[in-house]
Asks: 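Sharing a structure below in structure tokens format, with a few things to ask.
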Amino acid sequence: MTGKQLTPQNATVTTATITVQALTIGKKQVTLAVFRQLEDANIIKTLDASLAGEPWGRVNYHPDKCADEKEHIHVVWQKGDELRRATVYEPSVAAHRHHHAGLYVEALIAEGFDHRDPRVAAKGANRIQVIRNSEEGGLGFTRFTHHGVLFHGPVRSDFIDVFRNHYFRQTHEEQLWHRLRHVAGPEATSESIAAGLPALGYTTSWRRLKELPQLFIAV
């Protein structure tokens, strides 16, 4: 196997028994060394959380020593004429990056959400995190769970200022709405922005990938 490149043209999935499938190049089973050479690329699209290519199967091998991390799977998938590998996290720990995630929390802040809200101190799925960047004036970020999917997105510094100090609200509220709606649309609200978060899309993609057959590779 030394020196051979794994591609859709020379790789095949062969059935070793009724329930065992092996990833092979020609007649030889793919090794861990060859699997590690596959480019690591996201199979779940950022915008709508659909699949970016054709999944081949799951591999029960953790090339980045991540076996003890949050629940996830490793997938071999095809992008055009090339094979890729991807790490995909279970929805509740996905931290799926989406621009609507930050806009949603910015809308909540414009509507009155601040550090005193019970959702800030809550645990689990009800918690909304708003974190300031260590650099002065830089973007912060938010994490929260929406319909079972953990989302992650940027939050602008002036919104974080109002979130942390509600006394700023009187002088900044109009400016916050102007900045938010300049990006999200003239009628944007937290509810309308949340509708654009692809929670169902991510959950659907996860379930499809989770049900893929396991592909066996040689040690």
Side-chain angles (χ1 to χ4, degrees), residues 40-50 52 64-66 68-72 86-203 205-206:
D40 195 353
N42 290 332
I43 186 174
I44 295 184
K45 295 180 182 178
T46 299
L47 187 60
D48 62 3
S50 63
D64 302 311
K65 299 181 180 179
C66 52
D68 295 330
E69 287 190 3
K70 298 170 182 177
E71 183 180 352
H72 64 281
T87 303
V88 184
Y89 286 88
E90 190 272 332
S92 68
V93 296
H96 183 67
R97 295 177 181 271
H98 199 279
H99 66 283
H100 276 193
L103 291 175
Y104 169 67
V105 169
E106 289 183 352
L108 286 179
I109 293 171
E111 292 168 353
F113 175 70
D114 62 32
H115 70 281
R116 302 167 298 172
D117 192 288
R119 289 171 290 183
V120 175
K123 294 182 179 180
N126 295 322
R127 187 181 187 190
I128 299 178
Q129 293 177 290
V130 182
I131 310 297
R132 182 189 294 278
N133 192 308
S134 58
E135 296 182 8
E136 187 66 28
L139 286 174
F141 69 89
T142 182
R143 283 187 179 182
F144 59 88
T145 300
H146 178 68
H147 293 314
V149 179
L150 181 64
F151 285 94
H152 178 111
V155 179
R156 288 170 283 187
S157 59
D158 46 348
F159 288 87
I160 295 181
D161 289 339
V162 173
F163 169 79
R164 293 169 66 93
N165 190 337
H166 62 277
Y167 294 111
F168 288 170
R169 183 169 302 282
Q170 279 189 328
T171 56
H172 288 69
E173 184 173 5
E174 185 176 344
Q175 177 187 350
L176 294 184
W177 279 114
H178 175 75
R179 293 203 67 194
L180 174 73
R181 288 175 167 165
H182 179 72
V183 177
E187 304 297 328
T189 65
S190 61
E191 184 177 1
S192 67
I193 294 171
L197 291 170
L200 179 60
Y202 192 97
T203 301
S205 292
W206 166 259

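If you're wondering where the values come from, they're calculated on a predicted model, not measured in any experiment.
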Asks: Rounded to the nearest 0.5 Å, how far apart are CG of N42 and NE2 of H96?
Replies: 9.0 Å
Asks: Quick check against the 3.5 Å criterion: does H172 have a side-chain atom that pairs as donor or acceptor with the backbone of F168?
Replies: yes
Asks: To the nearest 0.5 Å, how far apart are OG1 in T87 and OH in Y89?
Replies: 6.0 Å
Asks: For E71, check side chain to side chain contact (heavy atoms under 4.5 Å, CB included) against everything at least two apart and list the hits.
Replies: E90, W206, K210
Asks: Taking only residues at least two apart or on different chains, which pairs with a member in residues 92-117 satisfy salt bridge (Lys or Arg N to Asp or Glu O under 4.0 Å)?
Replies: E106-R156, D114-R116, D117-R119
Asks: Side chains of F159 and F113: does their closest heavy-atom pair fall under 4.5 Å?
Replies: no
Asks: Which atoms form the tightest heavy-atom contact between L150 and S92, and what is the distance?
Replies: CB-O, 3.5 Å
Asks: Whether the side chain of S205 engages the backbone of A49 through a donor-acceptor N/O pair (distance < 3.5 Å, no angle test) should be reported.
Replies: yes
Asks: So, using side chain to side chain contact (heavy atoms under 4.5 Å, CB included) as the criterion, who are the partners of F144 when residues are at least two apart?
Replies: A101, Y104, V105, I128, T142, H146, F151, L197
Asks: Is F141 close to P154 at the side-chain level, that is, under 4.5 Å between some pair of heavy atoms?
Replies: no
Asks: Can you tell me which residue pairs pass the salt bridge (Lys or Arg N to Asp or Glu O under 4.0 Å) test with a partner in residues 176-200, sequence neighbours excluded?
Replies: D158-R179
Asks: Side chains of H99 and L47, heavy atoms from C-beta outward: is any pair under 4.5 Å?
Replies: yes
Asks: Might you work through the side chain to side chain contact (heavy atoms under 4.5 Å, CB included) test for V88 and Y202, ending with a clear yes or no?
Replies: CA-CA 10 Å; V88 184; Y202 192 97; 4.0 Å; yes
Asks: What are the two closest non-hydrogen atoms of A184 and I193, and how far apart are they?
Replies: CB-CD1, 4.0 Å
Asks: Okay, side chain of H182, backbone of L180: is any donor-acceptor separation there less than 3.5 Å?
Replies: no
Asks: Do the non-hydrogen side-chain atoms of V130 and V120 ever get within less than 4.5 Å of each other?
Replies: no
Asks: If the condition is side chain to side chain donor-acceptor pair (under 3.5 Å), which residues does R127 pass it with, not counting sequence neighbours?
Replies: none
Asks: How long is the gap from CD1 on I160 to CG on N165, to the nearest 0.5 Å?
Replies: 13.5 Å
Asks: Measure the CZ-CD1 distance between F163 and I131 for me, rounded to the nearest 0.5 Å.
Replies: 8.0 Å
Asks: Just do the side chain to side chain contact (heavy atoms under 4.5 Å, CB included) check on T203 and V149 with the steps written out, would you?
Replies: CA-CA 7 Å; T203 301; V149 179; 3.6 Å; yes
Asks: Using the side chain to side chain contact (heavy atoms under 4.5 Å, CB included) criterion, which residues pair with T46? Sequence neighbours excluded.
Replies: none
Asks: To the nearest 0.5 Å, what is the distance between OG on S190 and CG on L103?
Replies: 11.5 Å
Asks: Taking all non-hydrogen atoms of both residues into account, name the closest pair between A110 and E173 and its distance.
Replies: O-OE2, 3.9 Å
Asks: Assess whether atom NE2 of H166 is packed by more than 12 heavy atoms of other residues, nucleotides or ligands within 6.0 Å.
Replies: yes
Asks: If we count only N and O atoms by modelled type, under 3.5 Å, do the side chains of R164 and H115 hold a donor and an acceptor together?
Replies: no
Asks: For G148, is there any backbone N or O sitting under 3.5 Å from a side-chain donor or acceptor partner on T145?
Replies: no
Asks: Any idea how H98 and H100 line up, ring-wise: parallel (<30°), tilted (30 to 60°), or perpendicular (>60°)?
Replies: perpendicular
Asks: If you measure from CG on N133 to OG on S157, what distance do you get to the nearest 0.5 Å?
Replies: 9.5 Å
